[in-house]
Amino acid sequence: QADVALYQAKDAGRDTIRFFNPEMQKAIESRIALETALRQALLRGELQLFYQPQIDQHGKRIGAEALLRWLHPNRGLIPPLDFIPLAEETGLIVPIGHWVVDTACAQLKEWETCATMRSLQLAVNVSARQFHQPDFVAQVRESLERSKANPARLKLELTESVVLENADSVIERMHQLRALGVSFSMDDFGTGYSSLSYLKRLPLDQLKIDKSFVRDITTDPNDAAIVRAILAMSRSLGIQVIAEGVETEEQQLFLLDNGCFAFQGYLFGKPSPIVDWRSQATQGPSRAED
Ligand code: C2E
Ligand code: MG
Ligand code: MG
Ligand code: MG
């Protein structure tokens with residue numbers, strides 16, 4: 001529709017592009033403004049990683065997920081879902097994603113200097129567009145080499161959309177990355193379009209049960225059944241499972257009872273800009289976003 005309007009405006013022989021629908025024009029203008037600001041955000045250092053703890057069945061911290069935040073000078077903290085779709089459309093996700101991997105590796109290296117942080121894994125979200133870049137493997141390798149971080153501590157979170165394109169080339173690329181020492185988690189598992197058959201072909205270390213299934217796990221029999229099935233299947237495939245979006249002890253208990261031994265969610269800590277878990281052996285309050 002936008003293209004049609006653009007064409008008509010051009011055909012009308014005007015030198016400035018105008019859109020006939022003022023609402024449409026406004027939307028496009030604000031999108032362009034956001035894109036310009038996002039482009040500058042990276043250069044101005046307005047992007048930041050927050051960290052959310054992941055814990056095991058004993059309440060011990062086993063790792064963290066790095067979650068991107070945009071600290072906009074006027075608009076404050078912008079959550080990723082408000083700018084990552086645009087970043088993906090415009091291709092800005094490539095330099096942004098590169099920055100995320102680089103920053104995560106530097107963080108891992110810093111953790112290595114501390115006895116209680118040293119064994120933590122750091123999970124990083126990788127968008128499909130980023131993963132499919134020809135030099136993605138080389139970029140991860142460079143980030144690891146530059147930081148001298150232990151590759152075994154880096155976990156890449158992929159979504160099912162990554163596999164939609166060309167499963168064979170995705171698998172090959174995953175093996176190249178595994179050869180570097182990194183591991184893989186399938187994020188938002190169960191929400192995508194993929195079939196179960198690829199599960200045994202993909203070199204995955206972990207499945208992450210999407211929070212939409214966890215939310216009503218104790219009240220909705222369908223969600224409970226889906227989660228049980230995911231856990232049973234993963235067990236027989238030898239893939240570890242982590243549940244995201246765990247907010248209550250009831251949810252955690254249900255998951256534990258059904259053989260899920262890793263958790264992430266507000267119950268254990270919100271994403272936080274500061275990772276200083278040194279003083280605490282297990283989960284506890286941290287200075288997090290509300
Ligand atoms: P995700 O990877 O599935 O991350 C989990 C999201 O659930 C995060 O939202 C997290 O803050 C939120 N969450 C954690 N615990 C709970 C809970 O107990 N209850 C509820 N309701 N939510 C919880 P966030 O940080 O807003 O990130 C949203 C999405 O943005 C992420 O979903 C991921 O898809 C994307 N994203 C974040 N950082 C990056 C990044 O560096 N690169 C890329 N490509 N995508 C990213
Ligand atoms: Mg994730
Ligand atoms: Mg997720
Ligand atoms: Mg999600």
Side-chain donor/acceptor of [X] to backbone N/O of [Y], under 3.5 Å:
| X | Y | answer |
| --- | --- | --- |
| Gln251 | Glu247 | yes |
| Asp216 | Thr219 | no |
| Ser147 | Ala149 | yes |
| Asp56 | Gly59 | yes |
| Arg129 | Glu88 | yes |

Candidate pair Leu86 and Leu34, rule side-chain contact (heavy atoms from CB on, under 4.5 Å), full reasoning: CA-CA 8 Å; Leu86 178 69; Leu34 187 69; 3.5 Å; yes
With a 4.5 Å cut-off on side-chain heavy-atom distances among I, L, V, M, F, W and Y, is there a chain of contacts connecting [X] to [Y]?
| X | Y | value |
| --- | --- | --- |
| Met117 | Leu144 | yes |
| Val227 | Ile242 | no |
| Phe189 | Phe254 | yes |
| Leu177 | Met186 | yes |
| Tyr266 | Leu253 | no |

For [X], give me all partners under side-chain contact (heavy atoms from CB on, under 4.5 Å), at least two apart in sequence or on another chain.
| X | value |
| --- | --- |
| Gln240 | Lys155, Gln206, Ala262 |
| Pro203 | Ile171, Met174, His175, Arg178 |
| Ile32 | Ile28, Thr36 |

In Å, rounded to the nearest 0.5 Å, how long is the span from [atom1] of [X] to [atom2] of [Y]?
| X | Y | atom1 | atom2 | result |
| --- | --- | --- | --- | --- |
| Phe213 | Asp188 | CZ | CG | 9.5 Å |
| Asp205 | Ser183 | CG | OG | 4.5 Å |
| Asn258 | Arg228 | CG | CZ | 5.0 Å |
| Glu65 | Glu157 | CD | CD | 4.0 Å |
| Lys211 | Arg215 | NZ | CZ | 9.5 Å |
| Trp111 | Arg118 | CH2 | CZ | 13.5 Å |

message: Just by distance, no angles: are the side chains of Asp102 and Gln139 close enough, under 3.5 Å, to form a donor-acceptor pair?
response: no
message: Could you check whether Lys208 and Gln264, counting side-chain N and O atoms only, form a donor-acceptor pair closer than 3.5 Å?
response: yes
4.5 Å side-chain heavy-atom contact, [X] and [Y]:
| X | Y | value |
| --- | --- | --- |
| Ile209 | Val214 | yes |
| Val170 | His132 | yes |
| Gln52 | Ser272 | no |
| Leu204 | Ser185 | no |
| Asn125 | Leu68 | no |

task: Step by step, work out the salt bridge (charged side-chain N to carboxylate O under 4.0 Å, His left out) result for Asp168 and Arg201.
output: CA-CA 9 Å; Asp168 287 332; Arg201 294 181 58 212; 2.6 Å; yes
- prompt: Ion pair present between Asp82 and Arg75, side-chain N to carboxylate O less than 4.0 angstrom?
  reply: no
- prompt: Does Glu89 pair with Arg31 as a salt bridge, N-O distance under 4.0 Å?
  reply: yes
Parallel, tilted or perpendicular: ring planes of Phe83 versus Trp70, cut at 30 and 60 degrees: perpendicular
query: Between Phe263 and Phe268, what is the ring plane arrangement, given parallel below 30°, perpendicular above 60°, and tilted in between?
result: tilted
- request: Walk me through it: do Glu112 and Lys109 pass the test salt bridge (charged side-chain N to carboxylate O under 4.0 Å, His left out)?
  value: CA-CA 5 Å; Glu112 279 178 29; Lys109 186 62 196 171; 3.1 Å; yes
- prompt: Would one find more than 12 heavy atoms of other residues, nucleotides or ligands at under 6.0 Å from atom CD of Gln40?
  reply: yes
